[in-house]
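Contents: one structure, followed by commentary.
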Amino acid sequence: MSRADHARFCHVEGWSQVRRARGTATSHHETYELGLLDGRVLRTRISRPVNRDTYGSSMAQHILRDQLEVSRDEFWRCVHEGVKPDRGQPEAPAEALPADLAYLLIHRVGMPERQVAGVTREQAIEILTEYWSATPPG
């Protein structure tokens, strides 16, 4: 595992590069963070320059286990194939409502979030059309 592989993993999975308080990059390492659904934030550091220099086996194992929290197979699948590790993040359903439509149903119409979750796009448009037709302007 090289520094460049490490950086590619972070880029593919969508880690954010950490900046100093002044907004500039750190000088000795590139530092990345990834927020997880459970509230934890993973953090990893890549020594500069980010190049093809490889880590020793114990350092690579430490990075995989303690910083990236992935298996060796997950790491290489991400680096070579662009497959992000499964971190338990739910996929949006194919027919998910656009956020602005859900917002209007909840905050204008007054529908409970649980009810909005079961509404199709067509139903949402119909509900909003009826709401606006019945609501006097102003």
Side-chain angles (χ1 to χ4, degrees):
M1 172 166 122
S2 71
R3 294 176 186 177
D5 295 329
H6 190 176
R8 171 130 174 87
F9 175 89
C10 292
H11 175 74
V12 170
E13 193 178 14
W15 292 54
S16 301
Q17 189 169 11
V18 176
R19 302 282 181 188
R20 289 182 179 191
R22 296 181 192 159
T24 59
T26 57
S27 58
H28 292 88
H29 299 89
E30 286 192 11
T31 305
Y32 293 89
E33 286 184 342
L34 179 70
L36 301 178
L37 286 177
D38 64 6
R40 293 179 304 130
V41 177
L42 300 182
R43 194 173 186 131
T44 190
R45 294 171 32 158
I46 305 168
S47 296
R48 289 193 180 173
V50 176
N51 56 23
R52 301 304 300 165
D53 288 354
T54 58
Y55 297 115
S57 65
S58 64
M59 177 59 78
Q61 190 61 18
H62 161 71
I63 292 167
L64 292 173
R65 182 186 62 239
D66 301 327
Q67 294 180 14
L68 304 179
E69 293 190 9
V70 294
S71 69
R72 185 173 298 280
D73 288 341
E74 288 173 310
F75 176 84
W76 288 117
R77 224 174 298 123
C78 184
V79 171
H80 294 304
E81 300 169 26
V83 177
K84 295 180 182 181
D86 180 9
R87 299 206 185 262
Q89 294 181 310
E91 293 291 323
E95 293 296 318
L97 288 181
D100 54 346
L101 208 51
Y103 179 87
L104 289 171
L105 291 173
I106 294 166
H107 296 285
R108 287 283 176 99
V109 177
M111 287 179 69
E113 288 183 36
R114 287 183 192 259
Q115 189 177 353
V116 171
V119 171
T120 67
R121 178 185 214 131
E122 291 76 24
Q123 290 170 328
I125 292 170
E126 186 178 320
I127 292 166
L128 283 169
T129 301
E130 288 177 19
Y131 171 79
W132 284 324
S133 297
T135 305

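Note that this is a predicted model, so its numbers are computed, not measured. Scope of the values below: all heavy atoms of this structure, side chains included, with no hydrogens, waters or symmetry mates.
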Greater than 12 external heavy atoms within 6.0 Å of E81's CD: yes
Residues I46, Y55; criterion side chain to side chain contact (heavy atoms under 4.5 Å, CB included); working and verdict: CA-CA 10 Å; I46 305 168; Y55 297 115; 3.7 Å; yes
Residues C10, H6; criterion side chain to side chain contact (heavy atoms under 4.5 Å, CB included); working and verdict: CA-CA 7 Å; C10 292; H6 190 176; 4.1 Å; yes
Shared hydrophobic cluster, I125 / I127 (ILVMFWY, side-chain heavy atoms < 4.5 Å): yes
Side chain to side chain contact (heavy atoms under 4.5 Å, CB included) between V83 and C78, intermediate numbers included: CA-CA 4 Å; V83 177; C78 184; 5.7 Å; no
From T120 atom OG1 to L97 atom CG, the distance as rounded to the nearest 0.5 Å: 7.5 Å
Sole candidate of E13, R87, Q67 that passes side-chain contact (heavy atoms from CB on, under 4.5 Å) when paired with L42: R87
Path from V50 to I63 over hydrophobic side-chain contacts below 4.5 Å: yes
Hydrophobic cluster membership, L105 vs Y103, 4.5 Å side-chain cutoff: no
Ring geometry between W76 and H80 (parallel below 30°, tilted from 30 to 60°, perpendicular above 60°): parallel
Linked, directly or transitively: L101 and I106 (ILVMFWY side chains, under 4.5 Å): yes
Pair R43 + E33: basic N to acidic O under 4.0 Å: yes
W15-L36 co-clustered via ILVMFWY side chain contacts under 4.5 Å: yes
Side-chain heavy atoms of P98 within contact of R121, under 4.5 Å: yes
Mutual orientation of the aromatic rings belonging to F75 and F9 [parallel < 30°, tilted 30-60°, perpendicular > 60°]: parallel
Pairwise distance OG(S16) to CG(L34) - rounded to 0.5 angstrom: 7.5 Å
Enclosure of R108 CZ (heavy-atom neighbours >12, cutoff 6.0 Å): no
Exceeds 12 heavy-atom contacts within 6.0 angstrom, atom CZ of R3: yes
Minimum-distance pair of heavy atoms, taken over all atoms of D86 and G88: OD1-N, 2.9 Å
Between CE on residue M1 and OG on residue S57, distance to nearest 0.5 Å: 11.0 Å
Pair E126-Q123, side chain to side chain contact (heavy atoms under 4.5 Å, CB included): steps then yes or no: CA-CA 5 Å; E126 186 178 320; Q123 290 170 328; 5.5 Å; no
Pairwise distance CD(E30) to OG(S47) - rounded to 0.5 angstrom: 10.0 Å
